[in-house]
Amino acid sequence: MENGSNNNNIWRELATMQAQIRDYRGMIKSRLEYLENEPGYRANWTAAAVAHHLNKDYDAAIRVLEKIEKLIDGKLNESDSFENSECVLYKNLIYFDSGDYAKGYQTLLDSEAKILDKRAFLELKFQYLMKLPDSKKEASLVARNLLKINPDNKKYYYMLEDSLEIPRTDLQLRLKLYSKLATFYARSDPVKFIPLMFLNENDKELLNERLSDYIIEKLKRNVPSIFINLKPLYKKTFKIELIEKIVLNFLKEQVEKKDENSPLTYCWTLYYLSQHYLYLKNFTKAIQFVDEAIEHTPTLVELYALKARILKHQDKLLEASKVMNEARLLDLQDRFINTKTTKYYVRAGLIDEAVNTITLFTKMDKDAPNGLKDLHIMQCCWFIIESAESYYKLYLKNKKILSLPDSEVDESLKKQADWEISINRSLALKRFNAIFKIFQDFESDQFDFHSYCMRKGTPRSYVRMIKWADDLYRHPIYLRMLEGLSKIYFEIEDDILSSSTMNGDSEDTKKLENKKQKNKKNKADFKKREELIIRVNSYNNDSDPLGENLINTKRPIEDFNSYFKFSEKFTNFKIILTLNVKVNNYLNKYILALNNLHKLGKTKNSIFYSLLLQFKIFKFNKLIQENDKLLKLVELSFYKNFQFLNKDDQDDKEIIKYCIDNIINNGNEDKFELAKSCVDFIKNFQKTIDVEKVQTKLNELLQNDLEPIQVADIEYLLI
Amino acid sequence: MPSTTSDKQYKVTISLDDLTPNNLGVLRKITEKVLPTSYPQQFYHQVIESPSTSITKLAYFNEVPVGCLKAQVLIPEGKTLPSCCYVDSLCVIKAYRKFGIGQQLLDYLEQETIKKFIHTIKLHCWVENKPGVEWYLKNGFQVEEIVKDYYKEQELVNPDAMLLVKTI
């Protein structure tokens, strides 16, 4: 444009690009320029308003929206009404965001007729009234209105409570309110459930009565999900006890008067009790009840699924997957149970079985051996991440097998492990990488919506999407991917570091090279490999189906960073901070590492301690001593963070002891620094350690070969 | 047609449904649970492979499968006309008996048998299964013979079986 071109579409394309890279400032200009040239389309007005909104210039956004509303007033036909409704609501949301509640409320009321989404209208109206002075009463009417529309929405009940200004602590008043509401909405669940939440030990009898009614009614109706319903109550121990008594009693009653209840009720009661004991981690009882239920009704899928879950919690993954498969065989067309079985197989390390199971529900190309490619195309994240983690677990298992002495393991097992081990790790990396690719797709998929949403007139959804995409790289799956990748890449880096310190090619790498050569020569292995590739291939025409190119990297930390850089900014996640410390540690960027260590230190947790230890040990091993200033910084950070250790905590004591031992035993490295560390330790934790012993040791160190000035320094610290 | 009774204090709906490759596992589960014998996988796949000579149904108690029927048309060697309909498995899980589920399955079996122009239904029942034998006798079956050691492989206390026959 600067070259004097009059091709206006460039503005539009530019705006799309700017939205994609979140250059909102630049985007305003482009959107406005384009609007000036093409004012005939509402989409362009909306786009300009959104640009202002994203820039937090609420007034400007509203001005644009109002202008177009005025321009088109009375000229809309039926098909435009949805777009109009969305845009009007959108404008109001901006009002709300801007904090001008009085004006926003007025506008909302004025445009009531134009808004099709009545519930959104009422919810917004409620929010305004709650913010405006002296209008709580009106707000309560709105809340009641919403309740009438949907009496099963828990949120509306709390909204009503808030608007009536009933303090959450006034239980009697709340009880009255809900008794009253129950007469209107007798069939609604929240009206019965919410009182169960707030009734406390003072009203034990009443609570017991209500609980009993609630639970037994649901059990008699054979509601499978009743445990999930009641789970929020399990936060209070006395409620758990009440529930346990009620359900056990009900079970006894059913045994005594057999004909009064359906046999299915008996089965669901056992099912409930099993879940109850699983929650309390009483696995023996949980298994006992679910086994009895299976004996009673062996055809109920849920029972097997529950049993499998209990076994999973006991870490019997293989057994769990078998039980889950038993459930699957009862109903092969149930996608849920198919998915569960797949997941349990993957967790148990039976990846081939898992793929074969899920393949029943995937689309397959003509000569595809299984649904793996389809799972990648369909971006089936849960399956891919689970298999990545499973491959890594197999790798660790094989590594352990190989490390055992020959006398303890079967030779064939060792041979198998030897063949599998490198493939396990590279495939893990391959699958983690697939997750990354999917997230990259998610990011670029936004691109179409920067113009599509404007044309369709859905700015509300668009703004939500933008927020979603902004948080994309802190999605739990992405974080799991980072954690998995870090283990692999850091391991590779450690290998590289240790081999380089051993003068070029070490024995190990030589052996590895030899093995590779041998592997390729061995015909049987080659065939096995080809078969494997067919089974695990995840993309069409993939040049690296086993992930070997990925794993053979020479710069693992840089590679890891190419995944990690997208998430770095989400520093309120512990895992991100932890990884950040580690990465910067490897990159020798100590100040950055320390910075993150500090942040981590603010959230007391065990990762922090282990990092602290790593850092400590690392400090003695690396070249950090070259830089005095840096050393000081490291030291400072340590001792600043020690305040988070708890003298009375057993774990913490262990850590302190470990540190002290470490310092004393490594005494020949840099005694002055060590001595200083000891002093600080002692000062902080005099009660927990054998001060005398440390001081003797310290004195020994001091008297040997320290400069007088340093001795003075230490002595000063000791006072 | 599902039948609903409410003379109990709770609602019971019994319905019959077809056996498909997808719920074959249910047939297996119920049969293994109730009968003293265990069959190979082939026994169950037979149903899918030869639908024309099989009569099968699953029975549901409030939508939970609790009963099953598997019978086959027997054609003696060298002949073209079937001799009888033989019941491999007609079972209802213990907790769900006395709801008339077995009755419904038997009614269905008789209807289907007649449709195929067959007039004899035969089955083996373990002699020690007293309530079972009693139930069959009540439903018009007669003891044709006692087959010695029929359940020998299962190592039961008394391995004899009764061959029960009903003519319709």
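As the structure is a prediction and not an experimental result, all values here were calculated from the model. In what follows, chains are A, B, ... by sequence order, proteins preceding strands, each numbered from 1.
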Interatomic distance, [X] atom [atom1] to [Y] atom [atom2] [nearest 0.5 angstrom]:
X      : Y      : atom1 : atom2 : result
B/R28  : A/E326 : CZ    : CD    : 10.0 Å
B/K94  : A/H296 : NZ    : NE2   : 9.5 Å
A/L300 : B/E63  : CG    : CD    : 12.0 Å

Do A/T299 side-chain atoms and B/V66 backbone N/O form a donor-acceptor pair below 3.5 Å?
no
Exceeds 12 heavy-atom contacts within 6.0 angstrom, atom [atom1] of [X]:
X      : atom1 : answer
B/E49  : CD    : yes
A/Y234 : OH    : yes
B/Q41  : CD    : yes
A/M378 : CE    : no
B/E145 : CD    : yes

Any heavy-atom pair between the side chains of [Y] and [X] that's under 4.5 Å?
X      : Y      : answer
B/N23  : A/L330 : no
A/S262 : B/V12  : no
A/T297 : B/Y96  : yes
B/Y10  : A/P263 : yes

Run A/E295 and B/K33 through side chain to side chain contact (heavy atoms under 4.5 Å, CB included) and show every step you take.
CA-CA 9 Å; A/E295 181 65 29; B/K33 191 90 214 163; 2.9 Å; yes
Residues 107-128 of chain B: residues contacting chain A (heavy atom under 4.5 Å, by number)
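Within residues 107-128 of chain B, near chain A: nothing under 4.5 Å.
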Highest number of heavy-atom pairs under 4.5 Å with chain A among B/T20, B/V26, B/L24, B/I30 belongs to B/V26
Using heavy-atom distances under 4.5 Å, tell me whether A/N261 contacts chain B through its side chain, its backbone, both, or neither.
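Only the backbone of A/N261 comes within 4.5 Å of chain B.
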